[in-house]
Amino acid sequence: QLQPVESGGGLVQPGGSLRLSCAASGFTLDAYAIGWFRQAPGKEREGVSCTSSLDRSTWYADSVKGRFTISRVNAKNTVYLQMNSLKPEDTAVYYCAASIGSPYNVRGYNYWGQGTQVTVSS
């Protein structure tokens, strides 16, 4: 069973940066579409970014476009989410998920990590 593992969360001041990592042992993440999702207290989970396994296309939510970057480093079997210019409204638990299908089909993400907390506060 593929089990993504997120890391890299923490407390950062507004305007700061964090890099989240998504890794999985025993599985090649390059074969999967990878999505980053987040859920803030009292809010529904929302998609943040995703990348295709086929054409390496990417997608970003409007709220993070221009500030976040998703990337794959196959040699490390890791997908990163670089988050710059962080805002208090970015505070949430961030989840990495994997899908064998389209990265744009949210229901296709069958493999989820446990999440990592990101808190943006002064």
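In this chain, numbering begins with 1 at the start of the sequence shown.
Taking hydrophobic clusters as Ile, Leu, Val, Met, Phe, Trp and Tyr residues chained together by side-chain heavy-atom distances below 4.5 Å, V79 does not share a cluster with F37. In this structure, V120 is not a member of the same hydrophobic cluster as Y95, with clusters built from ILVMFWY side-chain heavy atoms closer than 4.5 Å.
Of the possible donor and acceptor atoms, one in the side chain of T78 sits under 3.5 Å from a partner among the backbone N and O of K76. For S49 (side chain) and W59 (main-chain N/O), a donor-acceptor pair under 3.5 Å exists by modelled atom type. In terms of modelled atom types and a separation under 3.5 Å, the side chain of T116 and the main chain of S7 share no donor-acceptor contact. The backbone N or O of N77 lies less than 3.5 Å from no partner atom in the side chain of D30, so there is not a single donor-acceptor pair. Distance alone, capped at 3.5 Å, places no donor-acceptor pair between the Q39 side chain and the E44 backbone.
L20 is listed as a side-chain neighbour of M83, based on a closest heavy-atom distance under 4.5 Å. F68 places a side-chain heavy atom less than 4.5 Å from the side chain of D90. Two residues are said to be in side-chain contact when any heavy atoms from C-beta on lie closer than 4.5 Å; L18 and V118 meet this criterion. For the pair T58 and R72, the minimum side-chain heavy-atom distance is 4.5 Å or more. Taking the side chain as every heavy atom from C-beta outward, Y109 and P103 approach each other to under 4.5 Å. Put simply, the side chain of E6 does not reach to within 4.5 Å of the side chain of Y94, judged on heavy atoms. Between W36 and I70, the closest side-chain pair of non-hydrogen atoms falls below 4.5 Å. Inter-residue side-chain proximity for Q114 and Q3 is flagged as met; some heavy-atom pair is nearer than 4.5 Å.
Of the charged side-chain nitrogens involved, at least one lies within less than 4.0 Å of a carboxylate oxygen, so that D62 and K65 count as a salt-bridged pair.
Between F27 and Y111, the distance from one ring center to the other does not fall under 6.0 angstrom.
For the residue pair T51 and Y32, no side-chain donor N or O sits within less than 3.5 Å of a side-chain acceptor on the partner. Side-chain contact of D55 with S57: a donor-acceptor pair under 3.5 Å is present, judged by distance alone. Looking at S102 and N105, their side chains never bring a donor and an acceptor atom within 3.5 Å of each other.
For the pair R45 and W112, the cation-pi criterion (under 6.0 Å, within 45° of the ring axis) is fulfilled. Relative to the six-membered ring of Y80, R19 meets both conditions, a distance below 6.0 Å and an angle of at most 45° to the axis.
Here OG1 of T119 is found 13.0 Å from CD of Q13. Values are rounded to the nearest 0.5 Å.
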